[in-house]
Protein chains: 2
Amino acid sequence: MNADKIPDIIIGRLPVYLRALQRMAENGMKTTSSQELGELVGISAAQIRKDISQFGEFGKQGTGYSISFLIDKLREILNVNRMWDIVIVGAGDMGHALARYQGFSNRGFRVAMVFDIDNAKVGQKIGGFIIEDASTMTERIRSAKIKMAMMTVPASAAQAVADKLVQAGVRAILNYAPTSINVPHNVRVQYIDPSTHLQRMTYYLD
Amino acid sequence: MNADKIPDIIIGRLPVYLRALQRMAENGMKTTSSQELGELVGISAAQIRKDISQFGEFGKQGTGYSISFLIDKLREILNVNRMWDIVIVGAGDMGHALARYQGFSNRGFRVAMVFDIDNAKVGQKIGGFIIEDASTMTERIRSAKIKMAMMTVPASAAQAVADKLVQAGVRAILNYAPTSINVPHNVRVQYIDPSTHLQRMTYYLD
DNA sequence: TAGATTGTTAATCGATTAACAATC
DNA sequence: TAGATTGTTAATCGATTAACAATC
């Protein structure tokens, strides 16, 4: 294990490798090569080898990588060889979809609570969760020691909600609100905004 | 307008600038500076000036940028000074949420059709759209000349659906399926996978 | 063994930052 | 005018690629 600081751009590719490897494992494959994995994920074989080698010598010359071994290592590196509880803030359509999403459990995540400010929604059930009042949020998150959140609130509410989450001890926010937010340096943010993603592609269309 | 090829990493930041500028405009602001915009989006002022200057001289020394003028220019550059029709493939929870999402229209997008393979879903309504049979998809997309799609299908179906979309003439795919897909070079893909985004953050958590 | 593929090095390529003249 | 801020240059910093010895 290399003690140097690993660039975030490399960290960002590891989940993509892991996802592809888990798929390969499901399909019964036992080993793969940087070449094969690269074709699957659209990244050069050299880069995949370089990325992986930052963390150790996980491959074998001549035969490549053991898929299950590499999965274990990547899960360890990414800290997803455990379950992370996540809260959802905002019980609109997108919050609903995430609350019911089946794709978290085998990737290291579990939705733990869902919050909304709308009294008409509080108390209702979505995907097995009872929607809780956002006014109790800080305390609930803090006492459950939850570190991750998904924000599916309007842009106008995003900064205030983010501030409350940070206060509650959240250290990673997946932000579905279509706006940038400011958080302290020790808090990570990832952005999911379909319009922004789409606009990145229209540039190339006629 | 610079005729050189603009790096994709710059193109990727423009929608973020545009989103912030539209927010400023809604709040009644008339001008801004690279400094102010940078603090809002978390990018250095120098980089913002450099990015914008790739396309022309849109600012004024001493006063900064006219927000409405810069919005116009960015919309023009990104090709979103028009409406793009989009199809949704997969009418599960995520497809539902996207079909009902109100955040597309003022960013240049309009959902035009929703498809699913499930006969139990075909004919039902979501968000004002009637779910259509996926077997008619290629022909429907082709004759409507639609160039963009959002895929909210299981990972196992993603590659086959992508192939059909490409055949139908789609040139940009926003892929919500948790898997990488392979498409020809003239087709753009953007990925939205909450687990992948979350795993990029857990690396930094204890 | 022969063939395949890793891990790593050095070279190349590309992106970001700092600084400042120009100018509103 | 004085102050502010752009657009741009040069320097720095960082990422990717190509190549190959090592070795399974």
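Keep in mind the model is a prediction, meaning the values are calculated, not measured. In what follows, chains carry the letters A, B, and so on, assigned in the order in which the sequence lines appear, proteins first and then strands, with residues in each chain numbered from 1. Computation of the quantities below employed the complete heavy-atom set of this structure, encompassing side-chain atoms and omitting hydrogens, waters and symmetry-equivalent molecules.
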Subject >> Residues B:Asp163 and B:Gln159: side-chain donor-acceptor under 3.5 angstrom >> reply: yes
**OP:** Would you tell me if any nitrogen or oxygen in the side chain of A:Ser34 comes within less than 4.0 Å of OP1 or OP2 on C:dT5?
**Re:** no
Original post:
Side chains of B:Met94 and A:Leu98: closer than 4.5 Å at any heavy-atom pair?
Top reply: yes
Original post:
Where the side chain of B:Arg13 is concerned, which of C:dA18, C:dT16, C:dT6 is the nearest nucleotide?
Top reply: C:dT16
**OP:** May I have the distance from B:Lys50 (atom NZ) to C:dT16 (atom P), rounded to whole angstrom?
**Re:** 9 Å
**OP:** Might you work through the side chain to side chain donor-acceptor pair (under 3.5 Å) test for A:Tyr203 and B:Asp8, ending with a clear yes or no?
**Re:** CA-CA 10 Å; A:Tyr203 173 81; B:Asp8 180 64; over 6 Å; no
**OP:** Take the protein atom CG of B:Asp51 and the nucleotide atom C1' of D:dT8, then report the distance between them rounded to whole Å.
**Re:** 14 Å
Original post:
What nucleotide, of C:dG7, D:dT16, C:dT17, holds the atom closest to the side chain of B:Gln47?
Top reply: C:dT17
Original post:
Looking at CG of B:Leu40 and CD1 of A:Ile181, how far apart are the two atoms once the value is rounded to the nearest 0.5 Å?
Top reply: 12.0 Å
Subject >> Close side-chain approach of A:Tyr65 to A:Leu21, heavy-atom, < 4.5 Å >> reply: no
**OP:** Answer with base, sugar-phosphate or nothing: what part of the nucleic acid does B:Ile10 contact at a heavy-atom distance below 4.0 Å?
**Re:** nothing
Original post:
Can you check the A:Ile52 CD1 to C:dT8 P distance for me, whole Å?
Top reply: 12 Å
**OP:** Could you tell me whether the phosphate oxygens of D:dA4, OP1 or OP2, come under 4.0 Å of any side-chain nitrogen or oxygen in B:Gln61?
**Re:** no
Original post:
Within this structure, what is the NZ-to-C1' distance between A:Lys5 and D:dG14, rounded to whole angstrom?
Top reply: 12 Å
Subject >> A:Ile48 CD1 - D:dA18 P separation (whole Å) >> reply: 14 Å
Subject >> Stems involving DNA chain C, each a run of at least 3 consecutive Watson-Crick or G-U pairs under 3.5 Å >> reply: C:3-24 with D:3-24
Subject >> Sub-4.5 Å side-chain heavy-atom contact between A:Met137 and A:Ile141 >> reply: yes
**OP:** Taking the side chain as every heavy atom from C-beta outward, state whether A:Gln22 and A:Arg75 have any pair of such atoms under 4.5 Å apart.
**Re:** yes
Original post:
Looking at DNA chain C, which of residues 62-75 of chain A put a heavy atom within less than 4.0 Å of it?
Top reply: A:Gly62, A:Thr63, A:Gly64, A:Tyr65
**OP:** State, with a plain yes or no, whether a side-chain heavy atom of A:Gln47 is found less than 4.5 Å away from one of A:Arg13.
**Re:** yes
Subject >> Most 5' of B:Gly59 and A:Ile9 on DNA chain D, judged by nearest nucleotide >> reply: B:Gly59
Original post:
Are B:Trp84 and A:Leu205 side-chain neighbours, meaning at least one heavy-atom pair lies under 4.5 Å?
Top reply: yes
Original post:
According to a strict under-4.0 Å criterion, is A:Arg49 in side-chain N/O contact with OP1 or OP2 of D:dA18?
Top reply: no
Subject >> Atom pair distance, as rounded to whole Å: NZ in A:Lys60 and C1' in D:dA22 >> reply: 15 Å
Original post:
Nearest to the side chain of A:Pro7, which nucleotide is it out of D:dA15, C:dT8, D:dG7?
Top reply: D:dA15
Subject >> From CA spacing to verdict: side chain to side chain contact (heavy atoms under 4.5 Å, CB included), B:Asn182, A:Glu39 >> reply: CA-CA 8 Å; B:Asn182 288 111; A:Glu39 282 167 12; over 6 Å; no
Subject >> Atom pair distance, as rounded to whole Å: CZ in A:Phe58 and P in C:dT6 >> reply: 14 Å
Subject >> Atom pair distance, as rounded to whole Å: CD in B:Gln35 and P in C:dA18 >> reply: 12 Å
